[in-house]
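Encoded as structure tokens, the structure appears first; notes follow it.
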2 protein chains.
Amino acid sequence: MRAAMELADEGGIGSVTMRELGRRLGVEAASLYNHVAGKDDLLAGMADLAAAEIDLPSGDVDWKEAMRRRAISARAVFLQHRWAAALMDSRVWSGPYSLIYADRVLGTLIRAGFSPVIASWAFIALDSYIYGFERQRSNFSPSEDVDTIEVAQDVLSAIPEGAFSSLAAVAMEYADKPYDEDGAFEFGLDMILDSLERRLGAD
Amino acid sequence: MRAAMELADEGGIGSVTMRELGRRLGVEAASLYNHVAGKDDLLAGMADLAAAEIDLPSGDVDWKEAMRRRAISARAVFLQHRWAAALMDSRVWSGPYSLIYADRVLGTLIRAGFSPVIASWAFIALDSYIYGFERQRSNFSPSEDVDTIEVAQDVLSAIPEGAFSSLAAVAMEYADKPYDEDGAFEFGLDMILDSLERRLGAD
DNA sequence: ACCTGAACACCGTTCAAGT
DNA sequence: ACCTGAACACCGTTCAAGT
């Protein structure tokens with residue numbers, strides 16, 4: 001499983017192949033079936049191991065800070081394992097680790113005063129945002145060292161004169177200062193957290 | 001392209017195969033390469049066609065209502081084409097339709113008073129949530145007619161006595177009333193929209 | 001201009017046979 | 001208990017050959 005994760009880290013999820021994994025482990029592809037039910041099982045295990053790298057909410061900070069840290073930690077994991085977000089959210093949520101994780105998150109929210117149903121909705125909203133942001137991010141800047149300023153300038157020059165004026169206005173903004181990815185992530189994250197806090201006060 | 005969409009609607013994205021698509025069109029798989037650069041090109045075209053089915057924000061409602069309708073329309077499209085969300089957010093965003101779409105969304109936000117940078121952040125936050133929710137949804141209830149009450153009861157009985165108490169509390173809530181998926185979606189959506197509105201007033 | 005047939009290099013998976 | 005070698009049914013893609 002760890003070997004498969006290394007393989008995916010290096011060459012992308014597409015290079016995780018039973019034959020290639022066997023080669024790395026010094027074994028034939030067919031032998032892997034003695035340790036894993038099939039490729040789906042392998043991918044599910046990878047997803048669960050990646051999920052285990054996300055910090056669990058700790059009990060000694062308030063719920064908002066705990067959720068914030070969890071989100072930032074998830075983003076750090078996705079940065080190290082770029083295949084993880086796609087694997088984790090396209091997979092039924094049933095690894096042994098996932099249960100502990102869900103319980104801790106829900107527990108933090110319920111102790112903060114949210115009802116069980118609202119806690120589950122908040123959990124879903126936060127995770128939808130966290131995973132969704134990562135999936136979009138990996139499109140916007142496919143490689144790490146892409147120059148967002150250059151991208152913006154390319155977009156600008158590709159836009160016909162007068163058309164797409166709003167898109168052009170945004171591209172213009174990014175043409176001389178780099179795109180602040182952390183800022184964008186925390187902007188959306190804090191909107192959700194602030195709304196949750198407000199709702200807590202209202203109930 | 002339309003034939004490929006039908007194929008995906010019926011049998012899932014996995015059944016979209018050059019050979020199978022050729023069969024449906026009464027042609028050999030190799031012939032498809034006269035009309036499409038490759039399978040990647042095919043999938044990109046499907047994603048763009050699905051995106052075209054999402055309602056564009058219209059000019060005669062306020063920005064908040066326009067964004068709300070856009071989100072609900074996107075969810076309706078994902079319901080009809082269950083393969084679409086995965087395809088659209090895992091793909092660089094460059095179809096001919098996508099440019100119009102982005103321009104209209106950004107234009108609506110900028111006219112409402114958001115700065116170009118904040119408008120782009122708001123766009124990213126909304127889409128992250130919309131796509132992310134769909135990806136999670138398709139795991140939680142893989143088939144349409146799954147009984148969420150039964151699922152909750154299964155979860156409950158699988159939890160060891162005393163462990164996972166928070167998870168159990170949530171499952172208990174869902175054990176006698178169905179899971180309100182629309183409610184969950186709009187809960188998160190409205191949190192983001194309300195926060196955006198508040199920020200607009202503050203600036 | 002478009003199609004066919006055959007081939008190539010790859011997949012995941014199975015299974016008898018070995019140790 | 002674990003591994004191997006060979007095979008099976010599939011992929012996407014290429015390309016000479018046809019019309």
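Note on naming: letters A, B, ... go to the chains in the order of the sequence lines (proteins, then strands), and numbering restarts at 1 for each one.
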Interatomic distance where CZ belongs to A:R23 and P belongs to D:dG5 [whole Å]: 14 Å

Can we say A:D194 and B:R199 salt-bridge, meaning some charged N sits less than 4.0 Å from an Asp/Glu carboxylate O? no

Nearest of C:dT13, C:dT14, D:dG12 to any side-chain atom of A:A30? C:dT14

Any idea which heavy atoms bring A:L167 and B:D103 closest together, and the distance? N-OD1, 2.9 Å

Between D:dT13 atom C1' and B:R19 atom CZ, what is the distance in whole Å? 9 Å

Check A:E65 with A:R68, please: is the shortest side-chain N to carboxylate O separation under 4.0 Å? no

What is the distance from CD1 of A:I13 to C1' of C:dC11, rounded to the nearest Å? 15 Å

May I ask you to decide whether B:E173 forms a salt bridge with B:K177, counting only side-chain N to carboxylate O separations under 4.0 Å? yes

Whole angstrom value for the distance that separates C1' of D:dC2 from CG of A:L25: 14 Å

Roughly how many Å is it from CD in A:E28 to P in C:dG12, rounded to a whole number? 14 Å

A:R75 charged N/C atom sitting above A:F133 aromatic ring, 6.0 Å / 45°: no

Contact list please: residues 31-43 of chain B against DNA chain C, heavy atoms, distance less than 4.0 Å, in numerical order. B:S31, B:N34, B:H35

